[in-house]
There are 2 protein chains.
Amino acid sequence: MTGYALREAIREVLGHFWSESFGQIYPALAELERDGYVERRESARNGSSTFRITPSGTAQLRELLSEPIQRDPPRNGLLLRLFLGRHLGPAACRALVLDARAEAERRLAEYVAIRADIAQASEMADERPYQLLTLAFGEHTARAAIAWANEAVAALDQLDSTRPSSTHLNKESRT
Amino acid sequence: MTGYALREAIREVLGHFWSESFGQIYPALAELERDGYVERRESARNGSSTFRITPSGTAQLRELLSEPIQRDPPRNGLLLRLFLGRHLGPAACRALVLDARAEAERRLAEYVAIRADIAQASEMADERPYQLLTLAFGEHTARAAIAWANEAVAALDQLDSTRPSSTHLNKESRT
DNA sequence: GCCCGCATGTAACTGGTTACATGATTGT
DNA sequence: ACAATCATGTAACCAGTTACATGCGGGC
């Protein structure tokens with residue numbers, strides 16, 4: 001496939017847990033070609049080149065997949081805001097949580113659709129069980145996020161009603 | 001607090017969803033001081049300086065907290081490996097999942113301990129409900145991860161027994 | 001003729017980590 | 001004394017995004 005197509009595939013297929021930008025892909029493909037991990041085939045018609053992985057490329061892929069997983073330092077903007085939620089007030093926090101819930105629901109719906117697609121397609125039978133694993137992860141975490149959001153909204157509502165004239169911006173002071 | 005203490009606090013208190021390095025903190029504090037958002041008080045004894053947020057600093061904090069949450073592009077090494085799990089084989093994938101489950105269990109235990117701590121401490125009553133929100137999020141996602149891992153292990157075991165002589169490295173070929 | 005999607009690549013920039021240099025204080 | 005921890009800062013480096021420059025080909 002071409003670099004462009006590769007990026008599209010990553011966006012569409014792995015989009016929920018991986019991403020690459022053109023600035024990554026093209027230099028990477030050039031390097032992979034230099035190291036003999038992929039082969040370039042120039043198209044005569046236009047200036048595009050399609051790439052195909054070589055045997056040594058698949059070997060290298062397996063090597064890389066076997067390397068220890070490195071996780072990057074956590075940075076969850078939602079949780080940071082909620083932790084310092086006193087400064088935002090219950091109403092603003094509630095809005096944030098509702099937003100998060102809406103997105104989790106959107107994701108969950110997407111996963112359900114993907115599951116239907118995968119069940120449909122008879123191709124790639126040996127890859128399917130692995131793809132279902134990642135899908136299930138997404139479903140579990142999305143459902144967890146929704147359940148949490150419901151609890152959180154309830155807690156925030158109670159907080160708002162218990163101490164209505166809180167230190168900061170609440171429904172009344174904003175109107 | 002000092003820059004050092006600030007980093008410790010971030011690590012210990014927000015460690016599950018936020019992180020900052022010295023390379024960030026010290027330049028940031030200098031800039032915040034320049035903009036009048038924090039005040040520096042030099043200690044006479046040693047070269048250390050303690051910082052205190054100013055009124056305009058808290059205002060700025062609220063401003064920043066109100067800004068839209070920006071999420072960084074996803075990059076989940078575990079899911080990437082599982083998605084391409086055919087290249088690793090069921091046994092290796094199983095190990096990855098078990099690892100993930102162990103860590104989720106470790107996290108969950110930590111959260112339970114923190115919850116006990118928070119319930120104990122009578123201070124900071126107005127911050128507590130917000131902190132509990134972030135804690136609950138961690139608990140939900142950890143439990144979801146554990147449940148998923150259990151399903152995934154079962155699926156992988158079945159996969160391993162159904163087609164024992166898979167294309168690649170499995171238990172037999174590795175011994 | 002013109003816009004849009006396909007396609008390739010580079011350059012600038014940014015956000016951040018890591019490693020290093022340095023030194024005071026405290027506890028054993 | 002010496003090790004560990006507290007403390008400050010900088011420089012080098014890195015991964016990665018964004019934006020830009022460029023051009024082909026097809027559809028309207």
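Chain naming here is simple, since letters A, B, ... match the order of the sequence lines and numbering starts at 1 in each.
- Across the protein-nucleic acid pair, B:E8 atom CD and D:dA4 atom C1' stand 13 Å apart, rounded to whole Å.
- The local environment of CD in A:E42 is crowded, with over 12 non-hydrogen atoms from other residues, nucleotides or ligands closer than 6.0 Å.
- Rounded to 10 degrees, the angle separating the terminal helix axes of the helix from C:dG1-D:dC28 to C:dT28-D:dA1, each built from five base pairs, is 20°.
- In this structure, the CG atom of B:L29 is 8 Å from the P atom of D:dG9, given to the nearest Å.
- The closest side-chain heavy-atom distance from B:S66 to A:L88 is below 4.5 Å.
- Checking side-chain atoms of A:N76 against main-chain N and O of A:L78 turns up a donor-acceptor pair under 3.5 Å.
- Whole-Å rounding puts the A:I10 CD1 to D:dG16 P distance at 12 Å.
- Here C:dT17 is the nucleotide among D:dA7, D:dG16, C:dT17 with the atom lying nearest to any side-chain atom of B:Q24.
- Between the CG atom of A:D72 and the C1' atom of C:dG15 there is a distance of 13 Å, rounded to whole Å.
- Judged by the 6.0 Å and 45° rule, B:R75 forms no cation-pi pair with A:F17.
- Here C:dG16 presents its P atom at 7 Å from CD of B:E20, a figure rounded to the nearest Å.
- At a threshold of 4.0 angstrom between heavy atoms, the contacts of A:R7 with the nucleic acid are absent.
- Following rounding to the nearest Å, B:E42 (CD) and C:dG23 (C1') show an atom-to-atom distance of 15 Å.
- Distances from the side chain of A:S48 to the nucleotides C:dT17, C:dT8, D:dG16 place C:dT8 closest.
- The CG atom of A:L14 sits 8.5 Å away from the OG1 atom of A:T134 when rounded to the nearest 0.5 Å.
- Position along DNA chain D of the nearest nucleotide to B:P73 versus B:P27 favours B:P27 as the more 5'-ward residue.
- Among the heavy atoms of the strands lying under 4.0 Å from A:T2 are primed sugar atoms or P, OP1, OP2 only; no base atom is included.
- The pair A:E127-B:R86 counts as a salt bridge, with a side-chain nitrogen and a carboxylate oxygen less than 4.0 angstrom apart.
- Within the nucleic acid shown, B:G3 comes within 4.0 Å of sugar-phosphate atoms alone, with no base atom in reach, counting heavy atoms only.
- Looking at which nucleotide of DNA chain D each of A:S19 and B:G47 is closest to, the 5′-most match is held by B:G47.
- Checking the phosphate oxygens (OP1, OP2) of D:dT8, no side-chain nitrogen or oxygen of B:Y4 falls inside 4.0 Å.
- At whole-Å resolution of the value, CZ in B:F22 and C1' in C:dG15 are 18 Å apart.
- Distance B:R71 CZ to D:dT17 P: 16 Å, rounded to the nearest Å.
- Nearest to the side-chain atoms of A:Y26 among the listed nucleotides C:dG9, C:dT17, D:dT17 stands C:dG9.
- Comment: B:E139 engages B:R115 in a salt bridge, judged by a side-chain N to carboxylate O separation of less than 4.0 angstrom.
- At least one side-chain nitrogen or oxygen of B:R75 sits closer than 4.0 Å to the OP1 or OP2 atom of D:dT17.
- A donor-acceptor pair under 3.5 Å is formed between the side chain of B:W148 and the backbone N or O of A:L133.
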